[in-house]
Amino acid sequence: MSGSSTEMRTHMCGEPRASEIGSTITVCGWVGRRREHGEHLAFVDLRDHTGLLQCVVDGSVDVRSEYVLSVTGTVSARPDGTVNDKLPTGEVELTDCTVEVLSVAEPPPFPLDERAEEVDETIRLRHRYLDLRRETMQDNLRKRARISSAIRSSMDGQGFVEVETPMLIASTPEGARDFVVPSRLHPGNFYALPQSPQLFKQLCMVGGLDRYYQIARCMRDEDLRADRQFEFSQLDLEMSFAGQQDVLDSVTTAVGAAVAAVGGEPIGDIPRITWREAMDRYGSDKPDIRFDMELVDLTEVFVDTGFNAFKAASIKGIVHRGGSESTSRNRLDDLTESAKRWGAKGLVWMRVEEADGGGVSLSSPIAKFLSEEELAAIADRLGAEAGDLCYLVADDWHRTCHVLGLLRLELGRPAVNEGGLRFLWVVDFPLFEDVDETSGRPVPAHHPFTMPHDEDVALLDGGPEELLAVRSQAYDLVLNGWELGSGSVRIHRAEVQSRIFDLLGIAPEEANAKFGFLLEAFRYGAPPHAGFAFGLDRLVALLLGADNIREVIAYPKTQSGGDPLTSAPGPIDRAHLEELGLRLLPQGT
RNA sequence: GGUCCCGUGGUGCAGUUUGGAGUGCACGCUGGCCUGUCAAGCCAGAGGUCGCGGGUUCAAAUCCCGUCGGGACCGCCA
């Protein structure tokens with residue numbers, strides 16, 4: 001029985017089959033539905049995580065929903081005409097039953113079947129132990145465990161060493177807001193919980209571990225979302241004497257093992273595009289490539305335009321195939337409002353109609369401001385056909401891409417469980433995401449230990465234009481439009497590192513105070529190294545078709561960071577505070 | 001910090017637009033009947049701070065203000 005039999009049971013509820021007819025077995029589980037037919041006959045569905053078994057008992061036995069029973073009886077063939085082909089155990093039933101009530105149960109506060117999907121999530125979380133009894137949640141957690149296990153096996157097989165890093169670490173002001181823990185032995189001082197084991201894994205490389213990995217818990221005190229919890233799990237890895245391709249290969253192998261563990265199609269080679277191309281074609285650094293609707297560049301068409309709104313650095317368009325009929329004027333107004341909220345000055349839309357003399361014509365409130373040649377060029381470049389709806393945005397390159405990228409998702413994005421699994425590597429991220437206008441300092445796009453592209457190092461000495469053109473050896477893994485994770489080749493040479501710190505305006509003393517231990521470690525012989533981290537919760541959710549990572553986390557928190565089960569967070573008493581050397585400010589300050 | 005949506009017996013909903021008795025539906029629960037059901041069936045019954053507070057009104061689930069809780073999103077998440 002594959003290890004499922006115990007002192008208390010011989011079989012799991014989902015196991016008995018016709019081949020075992022005649023044997024006497026004992027099963028344990030929870031009472032599902034009962035069907036009573038008077039004092040002489042009742043059917044009780046006994047349930048555990050493997051399935052359901054119908055037990056035929058005397059109708060005078062008082063068992064209720066969710067009572068915990070041990071039932072000993074004979075596996076019997078069901079009488080003719082009563083076989084239930086919807087159940088794996090439906091050919092048999094347990095007869096001559098001896099029922100022992102192991103625990104009584106109050107009626108559950110919500111139905112423990114698929115109808116629970118409709119129940120207020122707070123109620124599910126308040127009684128999460130009941131929610132977990134449901135088949136869907138059992139399935140989610142068991143598949144998650146299989147995925148974790150497959151990832152560990154894959155990493156072990158690739159020669160990675162699993163290392164645990166500390167949870168109580170020094171706070172660093174960069175990046176996400178830390179959760180902090182007051183120190184009793186050092187009043188007035190605090191530990192931080194790790195946002196990621198970033199610095200420790202690099203130290204592991206200096207320490208000669210060669211290949212490190214960990215399924216690490218990370219904590220960030222930032223607002224929660226459907227795909228973000230305070231605490232989350234990452235597959236975190238780092239490799240010595242390795243470059244980008246090595247990391248991509250290792251991660252691909254691990255992710256492939258994860259997909260295979262839940263019966264997905266082999267992922268094959270993951271396509272790769274540059275950040276620049278991703279922005280150009282999809283308007284996003286995490287493109288959802290389950291559907292096309294790519295951005296088309298129209299800037300050249302309008303170099304000499306007389307239409308003021310199109311005298312812009314970048315003009316792009318997308319085509320909603322056959323969208324004209326299904327899109328009302330009201331909807332177009334809503335989309336225009338959305339585009340403005342996303343930062344655009346406006347949104348130009350054009351309905352594509354059959355032209356009198358063959359071909360197509362474009363109908364739009366702004367068509368009268370454009371020349372025949374311009375209209376023809378738009379239709380031609382967009383490949384517009386009658387019935388299509390075209391959208392154009394004109395602005396600087398970044399904003400044009402961003403707005404059309406969001407519009408593309410709004411118009412075409414499939415549901416979470418449709419369109420298969422479309423992984424994508426996005427490479428050559430810019431080293432800096434912006435240059436601060438007042439200070440002239442570049443703003444790092446990744447962390448400050450990210451290696452610039454070798455051929456772009458010279459650009460570090462240039463002005464804002466050159467700085468923004470510097471590519472980094474940083475890469476993201478994207479799945480169906482969700483950012484799964486990111487990584488980079490790290491700087492291991494002191495002179496490059498100090499150049500970066502200098503550019504970012506981090507003085508040597510400051511760098512020393514924040515990262516001194518890492519910089520010191522690098523003075524003792526740092527191997528070139530590169531790494532990656534990706535969110536396990538997000539991967540599991542997407543593999544299981546969940547649109548929300550709470551569905552694949554046993555005990556998640558609500559959007560406001562509370563736990564309805566334990567009522568965390570809560571106050572602590574005065575003595576406790578005093579021991580930690582803390583005093584609360586009055587409320588409302 | 002901001003925008004939007006939701007809150008009515010244990011659960012899911014209708015009722016709110018246009019104020020008029022806690023009115024209705026399904027599931028669950030309790031009791032009764034029932035020897036082949038599997039969403040069992042039939043009969044009867046219990047169960048309510050309409051999230052909370054204030055206001056308008058002869059009268060508030062319904063209108064107004066505030067507040068709490070939940071969700072989606074923007075900001076934020078190196």
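In what follows, every chain begins at residue 1, and chains take the letters A, B, ... in the order their sequences are listed. Note that this is a predicted model, so its numbers are computed, not measured.
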Novice: A/Glu66 and salt bridge (Lys or Arg N to Asp or Glu O under 4.0 Å): which single residue from A/Arg34, A/Arg47, A/Arg134, A/Arg33 fits?
Specialist: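 One option only clears the test, and that one is A/Arg47.
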Novice: Going by the rule salt bridge (charged side-chain N to carboxylate O under 4.0 Å, His left out), which residues pair with A/Asp178 if we only count those two or more places apart in sequence or in a different chain?
Specialist: none
Novice: For residues A/Phe522 and A/Ile491, report the shortest heavy-atom separation together with the two atoms involved.
Specialist: CE2-O, 3.4 Å
Novice: Rounded to whole Å, how long is the line connecting atom CZ of A/Phe429 with atom P of B/rA78?
Specialist: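 Answer to the nearest Å: 13 Å.
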Novice: Without decimals, in angstroms, what is the distance between A/Met219 CE and B/rA78 C1'?
Specialist: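 It works out to 19 Å between those atoms.
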Novice: Ring centroid separation for A/Phe179 and A/Phe230, is it under 6.0 angstrom?
Specialist: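 For A/Phe179 and A/Phe230, the ring centres are under 6.0 Å apart.
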Novice: Above 12 or not: heavy atoms from other molecules or residues under 6.0 Å from CD of A/Gln138?
Specialist: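 Yes, enclosed.
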Novice: Would you say that more than 12 heavy atoms from the other residues, nucleotides or ligands in this model lie under 6.0 Å from the CD of A/Glu36, or not?
Specialist: yes
Novice: For A/Glu135, does the CD atom sit with more than 12 other heavy atoms under 6.0 Å from it, leaving out its own atoms?
Specialist: no
Novice: Look at all strands and tell whether A/Arg126 reaches a base, only sugar-phosphate, or nothing, counting heavy atoms closer than 4.0 Å.
Specialist: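 Touches nothing.
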Novice: Is A/Ser76 reaching over with its side chain to a backbone N or O of A/Leu94, donor-acceptor style, under 3.5 angstrom?
Specialist: no
Novice: Taking a pair as Watson-Crick or G-U wobble with both distances under 3.5 Å, which nucleotide is matched to B/rC77?
Specialist: none
Novice: Is A/Arg78 close enough to B/rU37 that one of its side-chain N or O atoms is under 4.0 Å from OP1 or OP2 there?
Specialist: no
Novice: Of A/Thr558 and A/Asp80, whose nearest nucleotide on RNA chain B comes first from the 5' end?
Specialist: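 Mapping each residue to its closest nucleotide by heavy atoms, the 5'-most match is A/Asp80.
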Novice: Using Watson-Crick or G-U wobble geometry with both distances under 3.5 Å, which nucleotide pairs with B/rU16?
Specialist: none
Novice: Rounded to whole angstroms, how far apart are CG on A/Leu41 and C1' on B/rC38?
Specialist: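 Rounding to the nearest Å, CG of A/Leu41 and C1' of B/rC38 are 12 Å apart.
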Novice: Could you tell me the Watson-Crick or G-U partner of B/rA26, where both distances fall under 3.5 Å? Say none if there is no partner.
Specialist: B/rU11
Novice: Between B/rA78, B/rA72, B/rG12, which nucleotide gets closest to the side-chain atoms of A/Glu118?
Specialist: B/rG12
Novice: Using atom C1' of each nucleotide, how far apart are B/rC42 and B/rU37 to the nearest Å?
Specialist: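 That atom pair is separated by 15 Å.
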Novice: Which atom pair, heavy atoms only, marks the closest approach of A/Pro194 to A/Arg217?
Specialist: CG-O, 4.2 Å
Novice: What integer number of Å spans the P atoms of B/rG75 and B/rG12?
Specialist: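 It comes out at 32 Å once rounded to the nearest Å.
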Novice: Take the protein atom NZ of A/Lys557 and the nucleotide atom C1' of B/rG69, then report the distance between them rounded to whole Å.
Specialist: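 From A/Lys557 NZ to B/rG69 C1': 17 Å.
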Novice: For a quick check of understanding: with a heavy-atom distance under 4.0 Å over all strands, which category does A/Ala445 fall into, base, sugar-phosphate or nothing?
Specialist: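 Contact class for A/Ala445: sugar-phosphate only.
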Novice: Look at the side chain of A/Asp120 and decide which nucleotide, out of B/rG12, B/rA78, B/rG75, has an atom nearest to it.
Specialist: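 Nearest listed nucleotide: B/rG12.
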Novice: Between B/rU11 atom C1' and A/Asp131 atom CG, what is the distance in whole Å?
Specialist: 13 Å
Novice: Any N or O donor-acceptor pair under 3.5 Å from the base of B/rU35 to the side chain of A/Glu39?
Specialist: no
Novice: Look at all strands and tell whether A/Glu93 reaches a base, only sugar-phosphate, or nothing, counting heavy atoms closer than 4.0 Å.
Specialist: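 If one applies the 4.0 Å heavy-atom cut-off, A/Glu93 turns out to touch a base.
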Novice: Could you measure between the two C1' atoms, the one in B/rU56 and the one in B/rG15, and give it in whole Å?
Specialist: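 It comes out at 22 Å once rounded to the nearest Å.
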Novice: For B/rU37, what is the paired nucleotide under Watson-Crick or G-U wobble rules, both distances under 3.5 Å?
Specialist: none
Novice: Taking a pair as Watson-Crick or G-U wobble with both distances under 3.5 Å, which nucleotide is matched to B/rC42?
Specialist: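 WC or wobble partner is B/rG32.
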Novice: Nearest of B/rA40, B/rG70, B/rA78 to any side-chain atom of A/His37?
Specialist: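 Selected nucleotide (nearest to the side chain): B/rA40.
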Novice: What string of B, S and - do you get for nucleotides 25-32 of chain B, 5' to 3', if B is base contact, S is sugar-phosphate-only contact and - is no contact with any protein heavy atom under 4.0 Å?
Specialist: --SSSSS-
Novice: B/rU11, B/rC73, B/rU37: which one has an atom nearest the side-chain heavy atoms of A/Val119?
Specialist: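 Selected nucleotide: B/rU11.
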Novice: Identify, with sequence neighbours excluded, every residue that meets salt bridge (charged side-chain N to carboxylate O under 4.0 Å, His left out) alongside A/Arg228.
Specialist: none
Novice: At under 4.0 Å between heavy atoms, what does A/Ala42 touch on the DNA or RNA strands: base, sugar-phosphate, or nothing?
Specialist: nothing
Novice: Pick the P atom in B/rC65 and in B/rC6, then give their distance to the nearest Å.
Specialist: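 The answer is 15 Å between these two P atoms.
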Novice: Output the rounded distance in Å from NE2 (A/His40) to C1' (B/rG36).
Specialist: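 Taking NE2 of A/His40 and C1' of B/rG36, I get 14 Å after rounding.
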Novice: Could you tell me whether the phosphate oxygens of B/rA40, OP1 or OP2, come under 4.0 Å of any side-chain nitrogen or oxygen in A/Arg35?
Specialist: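 Yes, A/Arg35 has a side-chain N/O under 4.0 Å of OP1/OP2 on B/rA40.
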Novice: Using atom C1' in both nucleotides, what's the gap between B/rG31 and B/rC13 to the nearest angstrom?
Specialist: 27 Å
Novice: Going through the checks in order, is the salt bridge (Lys or Arg N to Asp or Glu O under 4.0 Å) test met by A/Glu117 and A/Arg124?
Specialist: CA-CA 9 Å; A/Glu117 311 288 336; A/Arg124 291 175 54 204; 5.0 Å; no
Novice: Any base atoms under 4.0 Å from A/Asp223, or only sugar-phosphate, or nothing? Heavy atoms, all strands.
Specialist: base
Novice: When you check the phosphate oxygens OP1 and OP2 of B/rU37, does a side-chain N or O of A/Thr82 lie under 4.0 Å from one of them?
Specialist: no
Novice: Using the P atoms only, state how far B/rG22 lies from B/rG51, rounded to an integer number of Å.
Specialist: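 Those two atoms are separated by 15 Å.
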Novice: Can you measure A/Glu36 atom CD to B/rA39 atom C1' for me and round it to whole angstrom units?
Specialist: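 Taking atom C1' of B/rA39 as the reference, CD of A/Glu36 is at 16 Å.
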Novice: Give A/Gln198 one of three labels, base, sugar-phosphate or nothing, depending on what nucleic acid heavy atoms sit under 4.0 Å from its own.
Specialist: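 Base, at least one base atom sits under 4.0 Å.
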Novice: Is there a donor on the side chain of A/Asn84 or the base of B/rC38 sitting less than 3.5 Å from an acceptor on the other?
Specialist: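 Yes, the side chain and the base share a sub-3.5 Å donor-acceptor pair.
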Novice: Measuring centre to centre across the rings, with the benzene-like ring taken for any Trp, is A/Phe515 within less than 6.0 Å of A/Phe449?
Specialist: yes
Novice: Hey, is A/Phe110 stacking on B/rU11? Ring centres under 5.5 Å, planes under 30°.
Specialist: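 No, the aromatic ring of A/Phe110 does not stack with the base.
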Novice: Kindly say if A/Gln559 contacts the phosphate of B/rA72, meaning a side-chain N or O under 4.0 Å from OP1 or OP2.
Specialist: yes
Novice: Rounded off to whole Å, could you give me the NZ-to-P distance for the A/Lys201 and B/rA78 pair?
Specialist: 13 Å
Novice: Taking the P atom of each, how far is B/rU16 from B/rU62, in whole Å?
Specialist: 12 Å
Novice: Please determine, for B/rG69, whether a Watson-Crick or G-U wobble partner exists with both distances under 3.5 Å, and give it or none.
Specialist: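 Base partner found: B/rC6.
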Novice: Under 4.0 Å, heavy atoms only, any strand: does A/Ile123 hit a base, just the sugar-phosphate, or nothing?
Specialist: sugar-phosphate
Novice: So which nucleotide from B/rA78, B/rG75, B/rC38 ends up closest to the side chain of A/Arg225?
Specialist: B/rG75
Novice: Within the structure shown, what part of the strands sits under 4.0 Å from A/Ser560 by heavy-atom distance: base, sugar-phosphate, or nothing?
Specialist: sugar-phosphate
Novice: Closest nucleotide of RNA chain B for A/Ala226 versus for A/Gly81: which of these residues is on the 5' side?
Specialist: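 Nearer the 5' end of the strand: A/Gly81.
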Novice: Using the C1' atom as the point on both nucleotides, what is the distance between B/rG47 and B/rU57, in whole Å?
Specialist: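 32 Å, rounded to whole Å.
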